[in-house]
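A short worksheet on the structure shown next.
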Amino acid sequence: MTTPHDHVHEPAAHDHVHEPGPLADASVRRARPNDAPAIGMVQAVVFREAYAGRVPDDVVALFEPDAFARSWRESLGAPPEGVHRLMVACAGDQVVGLVAIGPSQDPDAGGASGEVTVLGVHPDARRQGHGSRLLNAGVDVLREAGADSVSLWVLSDDEAGRAFLTASGFAPDGAFRDRVVSPDGATLREVRLSATLLEPEDAPA
């Protein structure tokens with residue numbers, strides 16, 4: 001399995017956009033190294049829930065909070081070159097979600113293509129707008145960095161994740177891939193959703 005830094009198929013947060021307005025203590029901010037344990041816990045819970053029943057149990061068991069936390073701490077301490085950003089959603093002081101963005105690594109991506117590489121909200125904190133705030137914050141960073149498009153890979157049968165992204169302005173662009181997810185070669189199909197970041201007047205004719 002891959003590390004958090006090269007995951008590009010994380011399920012989107014199953015958050016809904018038609019919910020009451022932001023909670024008074026809800027916020028999104030840039031992640032700090034000391035957030036790593038909380039981020040690792042959230043990501044482990046999200047991944048275990050998303051992949052349970054889709055991959056072997058011994059693979060699900062690899063989604064350990066400490067492993068994710070170590071990897072994020074290293075990344076936050078020595079960020080990769082380019083526009084990479086990890087942000088967290090908070091309920092008060094508690095980290096309840098994460099989003100990571102960076103340049104797209106897809107072979108067909110242009111130089112100004114961005115990607116949401118991780119997006120997740122703890123199950124206990126969903127339906128409170130955290131997913132929408134995280135996604136909007138990540139897209140804003142990419143837009144400010146000059147990206148003209150953004151994409152995200154999602155499991156092909158993740159209907160809730162796809163519905164959330166579609167409501168947020170993303171659409172399938174026809175790309176798909178089968179990723180190996182276990183030592184015996186089993187695969188899961190992923191589809192790519194994308195959105196333009198160009199204003200209508202800036203889009204190519």
Side-chain angles (χ1 to χ4, degrees), residues 1-15 30-31 39 43 46-47 50-51 54-55 59 62-63 68 71-72 74-76 78-87 97-121 131-132 134-182 185-200 202-205:
M1 301 299 292
T2 52
T3 69
H5 309 306
D6 49 14
H7 265 122
V8 289
H9 63 294
E10 285 67 21
H14 298 171
D15 209 337
R30 190 166 184 167
I39 295 169
Q43 189 170 5
V46 169
F47 276 28
Y51 288 99
R54 289 185 169 105
V55 300
V59 175
L62 298 175
F63 298 137
F68 286 134
S71 197
W72 284 123
E74 292 172 2
S75 179
L76 289 166
E81 293 185 7
V83 182
H84 291 269
R85 185 73 55 85
L86 174 64
M87 288 171 282
L98 71 154
V99 65
I101 57 94
S104 175
Q105 301 300 307
D106 294 337
D108 61 345
S113 299
E115 184 173 0
V116 176
T117 56
V118 183
L119 176 61
V121 174
S132 296
L134 283 165
L135 184 59
N136 290 338
V139 168
D140 285 346
V141 170
L142 290 170
R143 182 184 289 112
E144 291 168 4
D148 58 20
S149 65
V150 58
S151 62
L152 189 153
W153 289 90
V154 63
L155 293 172
S156 61
D157 61 351
D158 182 5
E159 296 181 4
R162 192 185 302 209
F164 165 69
L165 290 168
T166 300
S168 301
F170 285 72
D173 62 14
F176 67 88
R177 64 189 181 189
D178 295 314
R179 174 163 292 217
V180 176
V181 293
S182 70
T187 62
L188 286 178
R189 175 151 293 193
E190 305 160 354
V191 295
R192 189 175 66 189
L193 282 73
S194 61
T196 181
L197 300 183
L198 296 175
E199 297 296 334
D202 297 327

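Heavy-atom basis, side chains included; hydrogens, waters and symmetry copies ignored.
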So salt bridge (Lys or Arg N to Asp or Glu O under 4.0 Å) across residues 146-155, not counting sequence neighbours, yields none
Please confirm whether the backbone N or O of Ala100 pairs with a side-chain atom of Thr117, one donor and one acceptor, at under 3.5 Å?
yes
inquiry  = Let's go through Arg177 and Arg189 carefully: what are the C-alpha distance in whole Å and the side-chain angles of both, what is the deciding distance for side-chain contact (heavy atoms from CB on, under 4.5 Å) to 0.1 Å, and is it a yes or a no?
reply    = CA-CA 6 Å; Arg177 64 189 181 189; Arg189 175 151 293 193; over 6 Å; no
Rounded to the nearest 0.5 Å, the CZ atom of Arg192 sits from the OG atom of Ser104 at a distance of 6.5 Å
| Tell me, do Met87 and Val141 make a side-chain contact under 4.5 Å, heavy atoms counted? | yes
Note: Ile39 and Ala31 closest approach over all heavy atoms is CD1-CB, 3.9 Å
Rounded to the nearest 0.5 Å, the CG atom of Asp108 sits from the CG atom of Asp106 at a distance of 5.5 Å
Beyond-backbone contact of Ser75 with His84, side-chain heavy atoms, under 4.5 angstrom
no
Going by heavy atoms in the side chains, are Ser168 and Leu135 under 4.5 Å from each other?
yes
Can you check whether Ala175's main-chain N or O pairs, donor with acceptor, with Asp173's side chain at less than 3.5 Å?
yes
Open item on the list: Measuring only between side-chain heavy atoms, which start at C-beta, is Arg179 closer than 4.5 Å to Leu188?
Closed with: no
| Do Val46 and Phe63 touch side chain to side chain, with heavy atoms closer than 4.5 Å? | no
| Are side-chain heavy atoms of Leu193 and Trp153 found at a separation under 4.5 Å? | no
Hey, is Arg162 close enough to Asp157 for a salt bridge, meaning N to O under 4.0 Å? no
Minimal heavy-atom distance between Ser156 and Val191, with the atoms involved, is CB-CG1, 4.1 Å
Value for CD (Glu144) from CG (Leu197), rounded to nearest 0.5 Å, stands at 11.0 Å
Is the shortest side-chain heavy-atom distance between Leu98 and Gln43 below 4.5 Å? yes
Determine whether a donor-acceptor pair (N or O, by modelled atom type, separation under 3.5 Å) exists between the side chain of Asp158 and the backbone of Val154. no
Quick check: do Ser132 and Phe164 have side-chain heavy atoms less than 4.5 Å from each other? yes
Distance col, row Ile101:CD1 vs Asp140:CG, nearest 0.5 angstrom, shows 10.5 Å
The reported gap from CZ in Arg143 to OG in Ser149 (rounded to nearest 0.5 angstrom) is 11.5 Å
What one should report as the nearest heavy-atom pair of Ala145 and Val83 is CB-CG2, 3.7 Å
Closest non-hydrogen contact found for Thr196 with Leu198 is OG1-N, 3.2 Å
Smallest heavy-atom separation, Val59 atom then Val181 atom, equals CG1-O, 3.5 Å
Given the rule in the side-chain contact (heavy atoms from CB on, under 4.5 Å) test, do Val99 and Val118 qualify, once you have shown the distances and angles that lead to the verdict?
CA-CA 5 Å; Val99 65; Val118 183; over 6 Å; no
Point to revise | Phe47 ring center near Phe68 ring center (under 6.0 Å) | key: yes
To the nearest 0.5 Å, atom OG of Ser194 lies from atom CG of Leu165 at 10.5 Å
